[in-house]
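Take a look at the structure set out below.
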Amino acid sequence: MFTIALPKGRILTEAIPLLKRAGLAPAEGEGALDGRKILLPSQDNNVRLIVVRAADVQTYVSHGTAQLGLVGRELLLENPMEAVVHQSDLGIGKCRLVAATSDGYDYQHKCVSGARVTVATKFPRLSRMFLAEAGLQAEIVKLYGTMELAPNVGLADVIVDLVATGATLHANRLVEAASLMDVSTFLVLNRNYSWHNRQELGALAERMTAAAKQIATTQ
């Protein structure tokens, strides 16, 4: 029995067509993913699905509780795990990691002068790396949500967060100061299982990768 870890939220919604095409949709129908069930049989009797927080998918895969998982590129780079193998880019969950500020904040001048700025983010590793490349010294304030509030109440000068359309930034009177990285969702495997069960696990991974490619060609 193989287990695939799926992240809650937007990626899960976008993953449903992929799972259906790969013959791995929930056996009870895709509506089962909208409920409270977090452990679901799939249409393949040899595969089950678990639905967890996006930040926890790698942990389940790393420990072998799940042999496959769907993880955003930003999480793979923010918290790399030796036991997690990056198999393929599935092309779903596309967005960008950006630095944003209050309208009127001179971000570019801060970069040129090598200023020290306070940054609110849930991605401290990536934030320090990208902002250092821009010439900034980042003092990190770790937040897990409502990032857009931070510049408006004086908690931070800059936020680093994921953006799809930019509508939330605009609604909170923030502007994108720099695009740091394109993000999409990767299929990942447990390293030990990919070594000891290479043929079976490889075939399952290929089903998902092929399904993603087929969907991409129809869009």
Side-chain angles (χ1 to χ4, degrees), residues 5-15 51-59 62 69-81 84 86 88-188 212 216 219:
L6 304 172
K8 297 178 180 179
R10 185 168 65 93
I11 293 177
L12 179 59
T13 300
E14 293 190 30
V51 182
V52 299
R53 290 177 64 251
D56 292 336
V57 171
Q58 274 202 99
T59 301
S62 176
L70 273 57
V71 185
R73 182 186 179 206
E74 81 287 358
L75 293 174
L76 294 174
L77 296 178
E78 177 66 30
N79 185 28
M81 295 186 180
V84 176
H86 306 180
S88 57
D89 185 347
L90 297 175
I92 61 174
K94 291 184 177 180
C95 55
R96 291 174 300 122
L97 187 69
V98 308
T101 67
S102 298
D103 194 7
Y105 184 86
D106 197 343
Y107 177 86
Q108 298 305 325
H109 175 73
K110 298 290 185 181
C111 292
V112 171
S113 62
R116 186 175 186 84
V117 297
T118 304
V119 182
T121 185
K122 54 185 172 185
F123 307 111
R125 182 174 184 269
L126 290 176
S127 297
R128 286 194 181 93
M129 180 178 70
F130 283 117
L131 296 184
E133 290 175 357
L136 295 170
Q137 303 174 58
E139 179 183 342
I140 301 295
V141 176
K142 183 73 177 287
L143 291 179
Y144 294 93
T146 59
M147 219 68 61
E148 297 80 11
L149 183 63
N152 290 319
V153 297
L155 180 63
D157 306 307
V158 179
I159 67 169
V160 172
D161 202 8
L162 296 176
V163 168
T165 66
T168 303
L169 292 182
H170 180 73
N172 288 278
R173 295 177 286 113
L174 301 181
V175 295
E176 182 180 324
S179 181
L180 307 180
M181 182 180 74
D182 289 332
V183 171
S184 55
T185 301
F186 279 68
L187 175 64
V188 300
Q219 294 177 341

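Below, all heavy atoms of this structure are taken into account, side chains as well, without hydrogens, waters or symmetry copies.
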- Note on the structure: dist K94:NZ -> T185:OG1 (nearest 0.5 Å) comes out at 10.0 Å
- Message: For the CZ atom of R128 and the CZ atom of F123, what is their distance to the nearest 0.5 Å?
- Response: 14.0 Å
- Output yes when a side-chain donor or acceptor of S184 lies under 3.5 Å from a complementary backbone atom of G91, and no otherwise. no
- Item | Within 6.0 angstrom of H170 NE2, more than 12 heavy atoms from elsewhere | no
- Minimum-distance pair of heavy atoms, taken over all atoms of Q108 and A177: NE2-O, 3.5 Å
- Message: Donor-acceptor check, side chain of R73 to backbone of F186, threshold 3.5 angstrom: yes or no?
- Response: no
- Would you check if R125 and P80 make a side-chain contact, meaning some heavy-atom pair closer than 4.5 Å? yes
- Note on the structure: Heavy atoms of M181 and F130 approach each other most closely as CB-CZ, 3.9 Å
- Query: Side chains of L70 and L187: does their closest heavy-atom pair fall under 4.5 Å?
  - Reply: yes
- Item | CD on Q137 to CG on L131, rounded to 0.5 Å | 11.0 Å
- Message: Please check this pair: side chain of Q58 against backbone of N79, looking for a donor-acceptor N/O pair closer than 3.5 Å.
- Response: yes
- Task: Could you check L136 against V158 for side-chain contact (heavy atoms from CB on, under 4.5 Å), going step by step and ending with a plain yes or no?
- Result: CA-CA 11 Å; L136 295 170; V158 179; 5.6 Å; no
- Task: Please say whether more than 12 non-hydrogen atoms of neighbouring residues, nucleotides or ligands are located less than 6.0 Å from CG in D103.
- Result: no
- Item | Option passing side-chain contact (heavy atoms from CB on, under 4.5 Å) with V175 (candidates T101, V98, L169) | T101
- Message: Counting only heavy atoms not in R173 (residues, nucleotides, ligands), do more than 12 fall under 6.0 Å from its CZ?
- Response: no
- Message: Show the nearest heavy-atom pair for residues P7 and L12, with the distance to one decimal.
- Response: O-CB, 3.0 Å
- Query: So how far is it from R53 CZ to L75 CG, rounded to the nearest 0.5 Å?
  - Reply: 9.5 Å
- Query: Below 4.5 Å, heavy atoms only, C-beta onward: do T59 and M81 meet side chain to side chain?
  - Reply: yes
- Message: Testing the basics here: between G93 and I11, what is the closest heavy-atom pair and its distance to 0.1 Å?
- Response: CA-CG1, 4.3 Å
- Check whether any side-chain heavy atom of L97 sits under 4.5 Å from a side-chain heavy atom of V160, and report yes or no. yes
- Task: Report the distance from atom CG of L162 to atom CZ of R10, rounding to the nearest 0.5 Å.
- Result: 8.0 Å
- Test item: V71 and V84 side chains (from C-beta on) under 4.5 Å apart, heavy atoms: no
- Identify the heavy atoms of C95 and A164 that sit nearest to each other, and give their distance. CB-CA, 4.1 Å
- Distance, nearest 0.5 Å, that separates CD1 of I159 from OG1 of T118: 13.5 Å
- Item | Donor-acceptor pair, side chain of D161 and main chain of E148, under 3.5 angstrom | no
- Tightest non-hydrogen contact, residues N152 and N172, listed as ND2-O, 3.0 Å
